[in-house]
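All remarks here apply to the structure that follows.
Each chain gets a letter, A, B and so on, in the order its sequence line appears, and its residues count up from 1.
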Amino acid sequence: MSLVYAGVLSHAPGITGRADLVKNVARRDEFYRMLDHQREEIEASGAEALVVIAAEHFANFFMNNMPAFCIGMSDAYEGPIEDPGWLKIARTRVPGNADLSKRVITAVMQTVDCAYAEEWKFDHGIMVPLHFLTPRYDMAVIPANINCQGPPLTPLARAWAFGEALRRACDAQPEKIALVGTGGISHWPATPDSGKINEAWDREFLDHLMAQDRDALMRYDDDVQTYRDAGQGGFEIRTYLAAAAAAGGPGELQYYTAELPIFAVGCTVARFAID
Amino acid sequence: MSLVYAGVLSHAPGITGRADLVKNVARRDEFYRMLDHQREEIEASGAEALVVIAAEHFANFFMNNMPAFCIGMSDAYEGPIEDPGWLKIARTRVPGNADLSKRVITAVMQTVDCAYAEEWKFDHGIMVPLHFLTPRYDMAVIPANINCQGPPLTPLARAWAFGEALRRACDAQPEKIALVGTGGISHWPATPDSGKINEAWDREFLDHLMAQDRDALMRYDDDVQTYRDAGQGGFEIRTYLAAAAAAGGPGELQYYTAELPIFAVGCTVARFAID
Amino acid sequence: MSLYQLQKFLYVLNREPAAQRRYRDDLDGLIADYELTDEEARALRDGDIGLLYVLGVNGQILMHYAAFLGIAWFDYLDFMREGIERHGPVRAGVYAMTGGGASFTEEEGAR
Amino acid sequence: MSLYQLQKFLYVLNREPAAQRRYRDDLDGLIADYELTDEEARALRDGDIGLLYVLGVNGQILMHYAAFLGIAWFDYLDFMREGIERHGPVRAGVYAMTGGGASFTEEEGAR
Ligand SMILES: [Fe+3]
Ligand SMILES: [Fe+3]
């Protein structure tokens, strides 16, 4: 039928893997409740499939063939690729929909040059969102990736174009489709600075994002500056931009906190009007 | 400095690997002489690097991550990946230029979403052209690939856009750069119909290509029809399109013969004016 | 999905010396690493080019497997034709509409 | 090029059970499959997280290697900081401009 839901949420291995280390339990559980709420919204949308725009971390894509964009095209995926004990998410088979994927990919390819993948081992970047959004793994997932890890990175204007292309592709399908972008905003994941968060930078970025202010968002395209202000993790704003572009309508920031640095990311939940 | 040469030439493993099986030796040697002439033209252009737009055959890119476009970004490549005895080209190290590659890739990425690869094992699709065009392997090569093998294939309009993006990218560099597209036109490689060639189809396609008739060329975008008339090998016209788009100027068909079916492809050599 | 696994087996074998060693030393173990149907596994165990072709393996992958098995070029073409005769038309993949498989080169006819 | 090889070693190790088995059974052989400098090979042989970090390995690759070695999260962070103290700033890759490595979580401070 069309795109019926679009939102964004944070991922990070700590969100599940280091849950038991958290001191600020109240804040943690508040965040978990908002993710639960996001799941309810997606379920209420009647979505038959969930597109996850991710920023995976050298689990499937390496510099031997690093695509600017890739979309999965399989009836089943596996995850997590990480040690399940480390991530605290059991290894499982996640349903896909190769036929729907192929139609979406073919449509996207008319304007944006995405790779496709007939297999994909999900890392925490997808498994943590799924753990909250489809915890019984009973909804078909279509993974999509933007290169936020290995420079030269995907330009922000192309990430925006990817979101628009996904929107057109979803609207051309008979199925009801939900879409989430999952990234971080400023963060320094897996480095000695893990836990550092630039809250002011995050809030300003989120303001632009919720306002669908494309011009302001494109000004984050200087990777050197983003790295300085927002860390390597800041490169993952591409996933949020694509989700906003797919939605087209104004965003509602449902949750943000910088008070869970043990998760190594500012924790965000938001949805967009489909316009 | 800019793009200084653009042309196209056929590849096929038989061109070297089955050279000794050929009955029509006169025609074979005529073709080889034309390839030699193409080498001389490239050398005369003063090119410091050679971009090869290829249609590689499941040597580096598989359906686990099949990019619409990929460009190499290494200071050295290896090839052939095939058995050297089978291809009759010795395994060697081919020089690249990672720095130039990175600049070209970053420029291309502004409009066309190419993957990049810091390693690449050349198959016959690149090694056969290099065997004739830079036989001493003393010119830096930048491999580029278009998915002509595993559906969903790269749309023809995007292949054209890729050529245009490569042109802009080359023109922005201080180096003199040559570019060749290497494919087949109609052919049925590695199937029981190996050796079949649709000469009428080839000549009509080449007429459109030499005339830079973009509209006529875009009408080859129905893969089912191309498969029927021109075989799977016909999908490789994408490489010729990209080379024509990069050049911008009219083409000169320097050689074509369908009289070497043991090579399993109509043998083509052409160059374009840079415009 | 299964053709994907079958082609991946051959893609990896064509690329990787370690897989080639394992093919020679422990073919059953290598086959067990992929999710294959019995027919696909049998085709690999027997090096049955004709059946692999009919199952849909792309010739750009298959011809290198044939070369790896030491099969000469014209024999490779014949094996594919025999496969079609024995097992019927190609079942999946790009070639599901391929032609009948006449010989198109004088070199082959002159053997 | 060498950082590429070093990271590829760890990328493959993180992904592939066969590489993990080989790491435990034949580390020198596995290392020999990659074009590494002596320093890089030594860092792998010693599981030296700090040196690997300074050599430029991306944390998204390195943290899984640390987990594979059984290193707890906060120790992993400490090893990187010690690496910088011992070997100087990160030499290549994305982190060549990274910060000093203070602790940013109360959970770590409270250990
Ligand atoms: Fe991330
Ligand atoms: Fe080809």
Could you walk me through whether N14(D) and E82(A) pass side chain to side chain contact (heavy atoms under 4.5 Å, CB included), step by step? CA-CA 8 Å; N14(D) 288 344; E82(A) 295 96 343; over 6 Å; no

May I have the step-by-step check of side chain to side chain contact (heavy atoms under 4.5 Å, CB included) for F235(A) and V94(D), ending in yes or no? CA-CA 11 Å; F235(A) 298 155; V94(D) 168; 4.2 Å; yes

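Only the side chain of Y76(D) comes within contact range of chain A, with heavy atoms under 4.5 Å apart. Contact annotation for P151(A): only side-chain heavy atoms (C-beta onward) come within less than 4.5 Å of a heavy atom of chain D. When heavy atoms are compared at a cutoff of 4.5 Å, N64(A) approaches chain D by way of both its backbone and its side chain. Neither the backbone nor the side chain of F263(A) has a heavy atom closer than 4.5 Å to any heavy atom of chain D. Only the side chain of K121(A) comes within contact range of chain D, judged by heavy atoms closer than 4.5 Å. Looking at D223(A), there are no atoms closer than 4.5 Å to chain D (heavy atoms on both sides), in backbone or side chain.
A parallel orientation is assigned to the rings of Y11(D) and F62(A), their planes being inclined by less than 30° (bins at 30° and 60°).
Of all non-hydrogen atoms in H124(A) and M63(D), the two that sit nearest each other are CE1-CE, 4.1 Å.
Within the structure, the side chain to side chain donor-acceptor pair (under 3.5 Å) test picks out the following pairs touching residues 148-159 of chain A (sequence neighbours left out): Q149(A)-Q232(A), Q149(A)-E236(A), R158(A)-D113(B).
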Hey, can you pull the donor-acceptor pairs under 3.5 Å for the side chains in residues 25-32 of chain D, sequence neighbours left out?
from	atom 1	to	atom 2	distance (Å)
D26(D)	OD1	G29(D)	N	3.1
D26(D)	OD2	R22(D)	NE	3.4
D28(D)	OD1	R45(D)	NE	2.9

